[in-house]
Visitor: 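I have a structure I would like to understand better, so I am pasting it below and will then ask my questions one at a time.
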Amino acid sequence: MTTLSPPAVELTGVNKWYGDYHALRDVSLTVAKGERIVICGPSGSGKSTLIRCVNRLEAHEQGRIVVGGVELNSDLKNIDAARREVGMVFQGFNLFPHLTILQNCTLALTWVKKLPLAEAQDIARGYLERVRIPEQADKFPGQLSGGQQQRVAIARALCMAPQIMLFDEPTSALDAEMVKEVLDIMLSLADEGMTMLCVTHEMGFARQAADRVVFMDAGQIVEIGAPSAFFGAPQHERTRQFLAQILH
Ligand code: ADP
Ligand code: MG
């Protein structure tokens with residue numbers, strides 16, 4: 001008998017508050033395995049909050065979030081299990097400045113997965129190759145360009161063999177000439193079938209890689225659709241206004 005595999009991520013009626021501030025309002029979203037979702041929307045609309053809830057960097061107060069079949073609740077075993085499924089890349093790279101590139105990549109492999117160092121280094125070198133900077137392994141983050149640092153951050157996340165990759169504006173801290181080198185890596189991950197939730201305003205990437213584009217405003221999902229419909233015929237006035245601003 002075959003069983004239907006669960007969605008990669010399922011949010012149902014999720015609400016989250018920061019104090020009195022209602023940051024996520026009744027958010028529901030099901031992400032299939034292998035699906036690529038791009039999330040866009042104005043600053044403060046809850047995009048970061050949404051994806052941070054998916055690996056429990058933030059806790060939601062109402063609704064259900066299920067990651068790889070495991071519900072995120074106060075059970076620490078569930079949180080650990082869900083986090084093993086998920087890799088995250090932040091706008092600000094978040095590399096450890098006092099560790100080399102290779103050490104940044106091996107840290108979780110040796111401390112969390114308890115792999116022997118030599119094995120961890122082999123895996124890390126493989127992913128540094130994958131993001132096309134194997135020659136930077138022994139440098140420190142401060143010696144690399146922003147684009148290179150972000151590629152290291154992607155390699156570091158991939159080392160843990162996640163089923164899902166979360167990106168929170170991975171290119172918005174980068175100078176224009178470095179945006180493409182990071183987007184190219186993300187496009188190749190998408191081609192390989194990685195499940196991805198990407199907060200980004202790179203609409204070229206969205207058109208090329210996304211299965212669906214989500215527009216958020218004021219903590220709500222306002223509109224969600226395939227790129228052709230989303231860009232070609234947005235249904236909501238707020239979506240049209242937003243697209244007019246960023247596509248000018
Ligand atoms: P976006 O990523 O779309 O810019 P965020 O998810 O970061 O939006 O933030 C949504 C709203 O929640 C904003 O108004 C922001 O100021 C507020 N917020 C975010 N993080 C916190 C926090 N840790 N404490 C209080 N308010 C927060
Ligand atoms: Mg944000």
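The first residue of the sequence shown is numbered 1, and numbering continues consecutively from there. Note that ligands are numbered from 1 as they come in the structure, with each ligand's atoms numbered from 1 the same way.
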Visitor: Is the Mg ion (ligand 2) under 2.8 Å from any N, O or S atom of S48?
Guide: yes

Visitor: Out of Q220, M216, E61, which one pairs with L24 under the side chain to side chain contact (heavy atoms under 4.5 Å, CB included) rule?
Guide: M216

Visitor: A cation-pi test, strictly: NZ or CZ of R156 under 6.0 Å from the centre of the six-membered ring of Y127 and no more than 45 degrees from its axis. Yes or no?
Guide: no

Visitor: What ring-ring contact (aromatic ring centres under 6.0 Å, His included) pairs are there with at least one residue in residues 157-208, not counting sequence neighbours?
Guide: H201-F242

Visitor: Show your reasoning for whether side-chain hydrogen bond (donor to acceptor under 3.5 Å, both in side chains) applies to R207 and S228.
Guide: CA-CA 8 Å; R207 284 177 198 274; S228 54; over 6 Å; no

Visitor: Students should find this: residues with any non-hydrogen atom under 4.0 Å from ligand 1. What is the answer?
Guide: Y18, Y21, P42, S43, G44, S45, G46, K47, S48, T49

Visitor: Any salt bridge (charged side-chain N to carboxylate O under 4.0 Å, His left out) pairs touching residues 209-223, not counting sequence neighbours?
Guide: E35-R212, R36-D211, D217-R238

Visitor: So which pairs with a foot in residues 21-32 pass side-chain hydrogen bond (donor to acceptor under 3.5 Å, both in side chains), sequence neighbours left out?
Guide: N15-H22

